[in-house]
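Counting convention: from 1, in listed order, for ligands and their atoms alike.
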Amino acid sequence: MADHHHHRHEPAHDTDALADMLDLDAEVLRDHLDGLVEWLHERTGGRARRILDLGCGTGTGALALATRFPDAEVTAVDMAEPMLHRVRAKARAHGLDGRIHTRQADLDAGWPALAPMDLVWASASLHHVAEPDRVLADVLATLRPGGVFAVAELEAIPTFLPDDLGVGRPGLEARCHAALREGLSHEVPLLGSDWGPRLARAGFTVEAERVFRIELTPPLPAAAGRYAQACLRRLRTGLDGRLDAQDRDTLDTLLDSDAILSRTDLTVRTTRTVWLAVRP
Ligand SMILES: C[S@@+](CC[C@H](N)C(=O)[O-])C[C@H]1O[C@@H](n2cnc3c(N)ncnc32)[C@H](O)[C@@H]1O
């Protein structure tokens with residue numbers, strides 16, 4: 001889910017790379033996601049019958065929600081058809097295709113016609129939209145009174161590397177993130193912003209805000225190495241011209257080989273914030 005530098009009309013290979021990264025994110029952070037969905041189940045009394053996954057990507061949220069809410073129909077919306085293709089394939093593989101429906105829509109172009117929802121989930125998607133206040137107003141109107149809007153966001157892509165890699169200068173990843181933050185503050189200004197006041201202004205009652213500081217330490221599952229590689233490659237594409245030559249070489253050497261897959265000193269550190277807002 002970690003994500004940055006995502007342009008509205010990405011070339012197909014970028015969409016593929018993002019989709020792979022989202023799938024790895026789901027695999028590595030499975031426990032976190034399960035805990036979140038369990039929390040939503042408790043807070044809604046498990047009664048949601050109609051659920052919307054906004055900016056669903058490869059369907060991480062849609063699948064988890066359809067599984068935990070066995071009586072619900074889930075509508076998964078994304079502007080990228082290749083993402084929706086993956087959602088449908090996964091739904092079939094899990095026998096959930098009768099209850100997960102995909103809908104292609106660009107939220108910047110307008111709001112799709114949707115039946116009233118009991119629960120709307122938006123994970124790492126809201127920071128992409130051009131007019132967040134309009135989208136929040138549309139979510140409010142789409143929820144039935146008492147319906148719940150769960151917004152999950154992240155501040156930055158996760159970090160993985162030890163401070164001293166044994167090659168190059170210590171602190172490489174921290175410098176990469178600092179350089180990227182600088183660019184992202186212009187390109188994706190909503191990344192890492194505080195959605196609570198915005199939700200309240202849009203007319204929601206913000207019932208909870210939870211910050212999850214996730215730190216997975218060795219031994220990590222095999223997918224963690226692939227996740228680290230995918231995230232660092234994505235990080236690298238946002239850093240053109242922003243790193244000095246030595247750091248660029250160290251990072252490129254690390255990413256050109258599969259060396260990272262066999263490192264035993266990786267950790268996964270990421271902060272996710274979730275707002276739970278209710279339509280009064
Ligand atoms: C970082 S991904 C998150 C995917 C998924 N929610 C997850 O948590 O794994 C953001 C998704 O939002 C979608 N998206 C971005 N802007 C959008 C827009 N204007 N309309 C619809 N979908 C959009 C992208 O195509 C992408 O699949």
Q. Strictly under 4.0 Å, does any heavy atom of G61 approach an atom of ligand 1?
A. no
Q: Could you list the atoms of ligand 1 found under 4.0 angstrom from a heavy atom of L107?
A: 18 (C), 19 (N), 20 (N), 21 (C)
Q. Do R263 and P162 come close enough that some side-chain heavy atom pair is under 4.5 Å?
A. yes
Q. What atoms of ligand 1 come closer than 4.0 angstrom to any heavy atom of D108?
A. 19 (N)
Q.
Tell me the contacting part of L22 for ligand 1: side chain, backbone, both, or neither, using a 4.0 Å heavy-atom threshold, strictly below.
A. side chain
Q. Does a side chain donor of either T142 or W111 reach within less than 3.5 Å of an acceptor in the other side chain?
A. yes
**Q.** Heavy-atom side-chain proximity of E73 to I51 below 4.5 angstrom
**A.** no
Q. Among E131, H127, M79, whose heavy atom sits nearest atom 17 (C) of ligand 1?
A. M79
Q | Closest candidate by heavy atom, reference atom 7 (C) of ligand 1, pool S123, A109, G57 | A | S123
Q: Check whether the side chains of R248 and T250 place a donor and an acceptor atom closer than 3.5 Å, and report yes or no.
A: no
Q) Is the shortest N/O to N/O distance between M83 and ligand 1 below 3.5 Å? A) no
Q: Give a yes or no on whether R210 atom CZ has more than 12 heavy-atom contacts from other residues, nucleotides or ligands under 6.0 Å away.
A: yes
**Q.** Nitrogen or oxygen atoms of T58 and ligand 1 under 3.5 Å apart
**A.** no
Q) Any N or O on S125 sitting closer than 3.5 Å to an N or O of ligand 1? A) no
Q) Is there a path of hydrophobic side-chain contacts, each under 4.5 Å between heavy atoms of I, L, V, M, F, W or Y residues, that connects M117 with L96? A) no
Q: Compare R103, H128, E153, R272 and give the one whose heavy atom is closest to atom 15 (C) of ligand 1.
A: H128
Q. What residues, two or more places apart in sequence or in another chain, satisfy salt bridge (Lys or Arg N to Asp or Glu O under 4.0 Å) together with D31?
A. none
Q. When you measure from atom 21 (C) of ligand 1 to each heavy atom in A105, G55, A122, which option holds the nearest one?
A. A105
Q. Can you say whether the rings of F160 and Y227 are parallel (under 30°), tilted (30 to 60°) or perpendicular (over 60°)?
A. perpendicular
